[in-house]
**Q** 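Would you mind keeping the following structure in view while I ask a few things?
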Amino acid sequence: MSAMPCAPAERGILIVGLGLIGGSLAAALKASGYRGRIVACDRDADEVARGIDMGLIDDGGTQLAPWVAESSLIVLAVPVLAMEDVLRTLAPRLDAQVVTDVGSTKGAIEAAVVRVFGHLPPRFVLGHPIAGSEKNGVAAADASLYRQHKVILTPREDTDPDALARVRALWAACGAQLLEMTPERHDQVLARTSHLPHLLAFSLVDTLARQDERLDIFRYAAGGFRDFTRIAGSDPVMWRDIFSANRDAVLGALDEFEAGVARLRRAVTEGDGDAMLAVFDRASHARQYFDTLLNQTSYQAMEQRNIRYRVSPGGAVRGQIRVPGDKSISHRSIMLGALADGVTEVHGFLEGEDSLATLQAFREMGVAIEGPHHGRVTIHGVGLHGLTAPAGPLYVGNSGTAMRLFAGLLAGQAFDTELTGDVSLNKRPMGRIADPLREMGAVIETAEGGRPPLTIRGGQALSGIRYDMPMASAQVKSCLLLAGLYAEGETRVREPAPTRDHTERMLNGFGYPVQRDGDEAWLQGGGRLAASPIDVPSDISSATFFLVAAAITPGSDLLLEHVGINPTRIGVINILQAMGADLTLQEPREVGGEPVADIRIRYAPLKGIDIPTDQVPLAIDEFPALFVAAANAEGVTRLRGAEELRVKESDRIQAMADGLTTLGVDNTVYPDGIDIVGRARADETPAAHYRGGRVDSLGDHRIAMAFAVAALRASDEIVIDDCANVATSFPGFVDLARRVGLVLDEQEVS
């Protein structure tokens, strides 16, 4: 259980307006251990007396003047439209007190302050607790009302830092979560998330209450009606004042709502099932997203959980498993299905956070998508030119694939878009896609250093180009080919080494011809995509962790089912076999244009090798796990030509080197690679090859999973910090790891 927050260090606190909000603040301060005097002013003498009787305040009255001088902090908790009169009474009596408020319309209150004082004094810190109840008055005061609820503060640039710190301390003592934004942004946000819902609830209940059959309507109303209209029981006078004070923002939100209702009415009138489904499905998943934010779960959450793995040494790796669907193919199936004409059925879709973010992004651009349900997704394509402008930035989570591919397909749209991701993704360079897209005529703005967010200006006329990639990258190649769909003429991309070709294969599968000759791929702009069913194979990148686990552990015998073995992705298979792994492909077949096989791997002693440079781009995402294989091989494994690893979710070369050093594995880092000195013995005894220790994954899911596998041959447990992002790449990793024999404990840490 977390400790109670510290009480604020104020001499005395004056609360002006002792209703539910002011009374609950007093109750929370008393519960926090605050020992200073709390006094209150309220025009209702009975409320003040009740507050004293309840032990919430120490004294108070109906006149403001007597209580100002003895207070070091003043909280204005009066109705918005009463604020200016209170401020005029307060102004001549203020000295050095800090003043804050609880009003829900910051622009109106700031304007009132300026009218009274001529400016916004530096010791005024305007705020708004996002908490409340349908109950009124100090009798309804609740000491826990603000606990784990947000309080928004709206300081200006010249706000006194000491005043801001003291107001933050006030609300922290109540257990609140503090946020800051401008008053203008606050009023826009609250108009949509609080004021508009209250307006609609009042209107709906009033409309039904005025109908002749209202008694039957209310008698048969179900829980959904009750839940939706609960807020219509709120204080009518307070809400009249709020709607008046925040008129412009409320009217803007109402305009947006009325436009949405008009679109839905048109869809119902015309029997447009796809349009209705798009609205309902988008709303349903947006509501689920809202739940994740309230619960602070990780999918697109503002505050990710902090997850730690503790993995004990030893164990065997045996059994038969199927890892989740290929993330690269899952991303592309949604993208191309959305841009196709017709309905695309996807099976085996990876329900990880990054893939779900891609799914949600297309919903926000008007695409009706059903699912996912156990890996099944139905996409109602809108055609190459059928996307509509999203209401705000498109969030793609931790996925560099989604960010770069989206940039290509959005460069050809008629509307502006902004692409953003999580903290890790927003640190990654995007210049190598932005520069060639600009050569095609795209207008793209990046943050400092060519990093996200990316702002892509719509309505540009794109022209095909011939581009020689300076570095092998499937993401760059795919980005340019997708932009080429919208370009005049031919778009050609030459790669210096082979990279995964999922985009080319899937485009051909959707009936859009992509030509290939040697190291060059090209297509002609202006075509169309036709819907096509997709069966997503298991992700070889996810399978790699279990391939390595079996390869390094004596007694292992593991079968991985339905794994994609695209020739541009099998570097890990080639490298493990070159190291001596006992690995065979069983029942090779082709599914939806992608080669697939079951992979059986049994333990065999590994030996260090010089990794062929032509295999590097074919295994670029698998190297963290391969580094663990190298640590368990006899002799030195050398990697060169892998500078791409420096700009993944982390600098994977350095991150793995640091972790291996912690475990006692000798290694030497180079700008484009690493030498790893293995400690294996040429027998099948389960002896440890290195010690345990604590490593930092740096939020990189592949680093975290690689060191989890490494624990199989450690002498002591390996503790891995910052593992929350594993869910973005490999949902269910922990359960599968335990099923095949790893001893892994997942912990949430504060």
**Q** If you apply the rule side chain to side chain donor-acceptor pair (under 3.5 Å), what do you find for Asp745 with Gln747, and how did you get there?
**A** CA-CA 6 Å; Asp745 181 28; Gln747 302 174 335; 3.2 Å; yes

**Q** Should Glu70 and Arg11 count as an ion pair when the cut-off is N to O under 4.0 Å?
**A** no

**Q** Is there a side chain to side chain donor-acceptor pair (under 3.5 Å) between Glu10 and Ser72? Walk through the geometry before answering.
**A** CA-CA 6 Å; Glu10 297 294 337; Ser72 59; 2.6 Å; yes

**Q** Quick one: are Met430 and Leu425 in side-chain contact, heavy atoms under 4.5 Å?
**A**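 Yes. Closest side-chain heavy atoms under 4.5 Å.
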
**Q** To check you understand the geometry: which heavy-atom pair defines the closest contact between Gly107 and Pro183, and what is its length?
**A**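 Result for this residue pair: N-CB, 4.4 Å.
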
**Q** Hey, is the main chain of Asp95 close enough, under 3.5 Å, to the side chain of Gln97 for a donor-acceptor pair?
**A**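 At least one qualifying donor-acceptor pair exists.
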
**Q** Got Arg43 and Thr62 here, is their nearest side-chain heavy-atom distance under 4.5 Å?
**A**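 No - every pair of side-chain heavy atoms lies 4.5 Å or more apart.
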
**Q** Quick one: closest heavy-atom pair of Cys41 and Leu14, and the distance?
**A** N-CD1, 4.1 Å

**Q** Please tell me if the side chains of Asp59 and Ile38 come closer than 4.5 Å, counting only heavy atoms from C-beta onward.
**A** no

**Q** Decide yes or no for Met403 and Pro452: does some side-chain heavy atom of the first lie under 4.5 Å from some side-chain heavy atom of the second?
**A**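 Met403 vs Pro452: side chains touch.
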
**Q** Once rounded to the nearest 0.5 Å, what's the spacing between atom CZ of Arg50 and atom CG of Leu56?
**A** 11.0 Å

**Q** Can you find a pair of side-chain heavy atoms, one from Met365 and one from Phe415, that are under 4.5 Å apart?
**A**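 Contact flag for Met365/Phe415 side chains = yes.
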
**Q** Keeping Thr100 on the side-chain end and Val125 on the backbone end, is there a donor-acceptor pair under 3.5 Å?
**A**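 Side chain of Thr100 to backbone of Val125: a pair is present.
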
**Q** Locate the shortest heavy-atom distance separating Asp722 from Ser697; write the atom from each residue and the value.
**A** O-OG, 2.5 Å

**Q** In terms of side-chain geometry, is the basic nitrogen of Asp58 or Lys30 positioned less than 4.0 Å from the acidic oxygen of its partner?
**A** yes

**Q** Give the C-alpha distance, both sets of side-chain angles, the deciding distance and a yes or no for side-chain contact (heavy atoms from CB on, under 4.5 Å) between Leu76 and Leu87.
**A** CA-CA 9 Å; Leu76 306 179; Leu87 289 168; 3.7 Å; yes

**Q** Salt bridge or not between Glu180 and Arg168? Use side-chain N to carboxylate O under 4.0 Å.
**A** yes

**Q** Got more than 12 heavy atoms from elsewhere within 6.0 Å of NZ, Lys427?
**A** no

**Q** Once rounded to the nearest 0.5 Å, what's the spacing between atom OG1 of Thr446 and atom CD1 of Ile456?
**A**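 Answer for the OG1-CD1 pair, Thr446 versus Ile456, is 11.0 Å.
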
**Q** Would you check, one step at a time, whether the test side-chain contact (heavy atoms from CB on, under 4.5 Å) holds for Val167 with Trp171?
**A** CA-CA 7 Å; Val167 173; Trp171 289 112; 3.9 Å; yes

**Q** Do His198 side-chain atoms and Ser194 backbone N/O form a donor-acceptor pair below 3.5 Å?
**A** yes

**Q** So, do His701 and Cys723 sit near enough that their side-chain heavy atoms are less than 4.5 Å apart?
**A** no

**Q** Quick one, Ile15 and Val39 - any side-chain contact, counting heavy atoms below 4.5 Å?
**A**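 Ile15 vs Val39: side chains apart.
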
**Q** Working to the nearest 0.5 angstrom, can you tell me the gap between Asp42 CG and Leu64 CG?
**A** 11.5 Å

**Q** Which atoms form the tightest heavy-atom contact between Asp696 and Asp721, and what is the distance?
**A**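 Scanning both residues completely, I find the closest heavy atoms to be OD1-O, 3.9 Å.
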
**Q** Between Leu94 and Val99, does a side-chain contact (heavy atoms from CB on, under 4.5 Å) hold up when you go through it step by step?
**A** CA-CA 9 Å; Leu94 282 180; Val99 181; 4.1 Å; yes

**Q** Tell me, yes or no, whether the heavy-atom count around Arg88 atom CZ, taken from other residues, nucleotides or ligands under 6.0 Å, exceeds 12.
**A**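 Yes, because the 6.0 Å sphere around CZ of Arg88 holds more than 12 heavy atoms from other groups.
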
**Q** Decide side-chain contact (heavy atoms from CB on, under 4.5 Å) for Ile703 and Leu698; before the verdict, give the C-alpha distance in whole Å, the side-chain angles of both, and the deciding distance to 0.1 Å.
**A** CA-CA 8 Å; Ile703 304 295; Leu698 303 176; over 6 Å; no

**Q** Might you point out which heavy atoms bring Arg192 and Pro197 nearest each other, and give the distance in Å?
**A**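 Scanning both residues completely, I find the closest heavy atoms to be O-CD, 3.4 Å.
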
**Q** For the side chain of Arg93 and the backbone of Thr89, is there at least one donor-acceptor N/O pair under 3.5 Å apart?
**A** yes

**Q** Tell me, with the steps shown, if Glu184 and Lys106 meet salt bridge (Lys or Arg N to Asp or Glu O under 4.0 Å).
**A** CA-CA 7 Å; Glu184 296 80 10; Lys106 305 326 301 176; over 6 Å; no

**Q** Are Ile13 and Leu170 packed together at the side-chain level, in the sense that at least one heavy-atom pair is separated by less than 4.5 angstrom?
**A** yes

**Q** What pair of heavy atoms forms the shortest contact from Asp158 to Leu120, and how long is it?
**A**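 That closest heavy-atom pairing would be OD2-O, 4.5 Å.
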
**Q** Decide, yes or no, whether a salt bridge links Asp162 with Arg123 under the criterion of side-chain N to carboxylate O below 4.0 Å.
**A**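 A salt bridge is present here (some side-chain N lies under 4.0 Å from a carboxylate O).
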
**Q** Does the Ser203 side chain pair with the main chain of Leu199, one donor and one acceptor, at a distance under 3.5 Å?
**A** no

**Q** With a 3.5 Å distance limit and no angle check, can you tell me whether Arg451 reaches the backbone of Gly449 through a side-chain donor-acceptor pair?
**A** yes

**Q** Taking Arg308 first and then Glu717, would you say they form a salt bridge - that is, a charged N and a carboxylate O separated by under 4.0 Å?
**A**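 Not counted as a salt bridge, because no side-chain N and carboxylate O are separated by less than 4.0 Å.
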
**Q** Return yes if a side-chain donor-acceptor contact under 3.5 Å exists between Asp700 and Ser650, otherwise no.
**A**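 Yes, because at least one side-chain N or O of Asp700 sits under 3.5 Å from a partner of the opposite role on Ser650.
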
**Q** Working to the nearest 0.5 Å, report the span between CD of Glu84 and CD1 of Ile109.
**A**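 Answer for the CD-CD1 pair, Glu84 versus Ile109, is 11.5 Å.
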
**Q** If I take atom CG from residue Leu454 and atom OG1 from residue Thr420, how far apart are they, to the nearest 0.5 angstrom?
**A** 8.5 Å

**Q** Is a side-chain donor or acceptor of His128 paired with a backbone partner of Ile152 at a separation under 3.5 angstrom?
**A** no

**Q** So, taking the atom named CG in Asn246 and the one named CD in Gln188, what distance separates them when rounded to the nearest 0.5 Å?
**A** 8.0 Å

**Q** With a 3.5 Å cut-off and no angle check, do the side chains of Ser144 and Asp142 form a donor-acceptor pair?
**A**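 Yes, Asp142 and Ser144 have a side-chain donor paired with an acceptor closer than 3.5 Å.
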
**Q** Would you indicate whether Arg185, at its atom CZ, is surrounded by more than 12 heavy atoms from other residues, nucleotides or ligands within a distance under 6.0 Å?
**A**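 Result for CZ/Arg185: open.
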
**Q** Walk me through it: do Phe707 and Tyr309 pass the test ring pair (Phe, Tyr, Trp, His ring centres under 6.0 Å)?
**A** CA-CA 10 Å; Phe707 281 112; Tyr309 290 167; over 10 Å; no

**Q** Please check: side-chain N/O of Arg35 versus main-chain N/O of Gly33, any donor-acceptor pairing under 3.5 Å?
**A**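 Side chain of Arg35 to backbone of Gly33, a donor-acceptor pair under 3.5 Å: yes, one is there.
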
**Q** Please check this pair: side chain of Glu418 against backbone of Pro453, looking for a donor-acceptor N/O pair closer than 3.5 Å.
**A** no

**Q** Please check this pair: side chain of His119 against backbone of Phe117, looking for a donor-acceptor N/O pair closer than 3.5 Å.
**A** yes

**Q** Would you call Glu746-Arg310 a salt bridge at under 4.0 Å N-O?
**A**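 No salt bridge links Glu746 with Arg310.
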
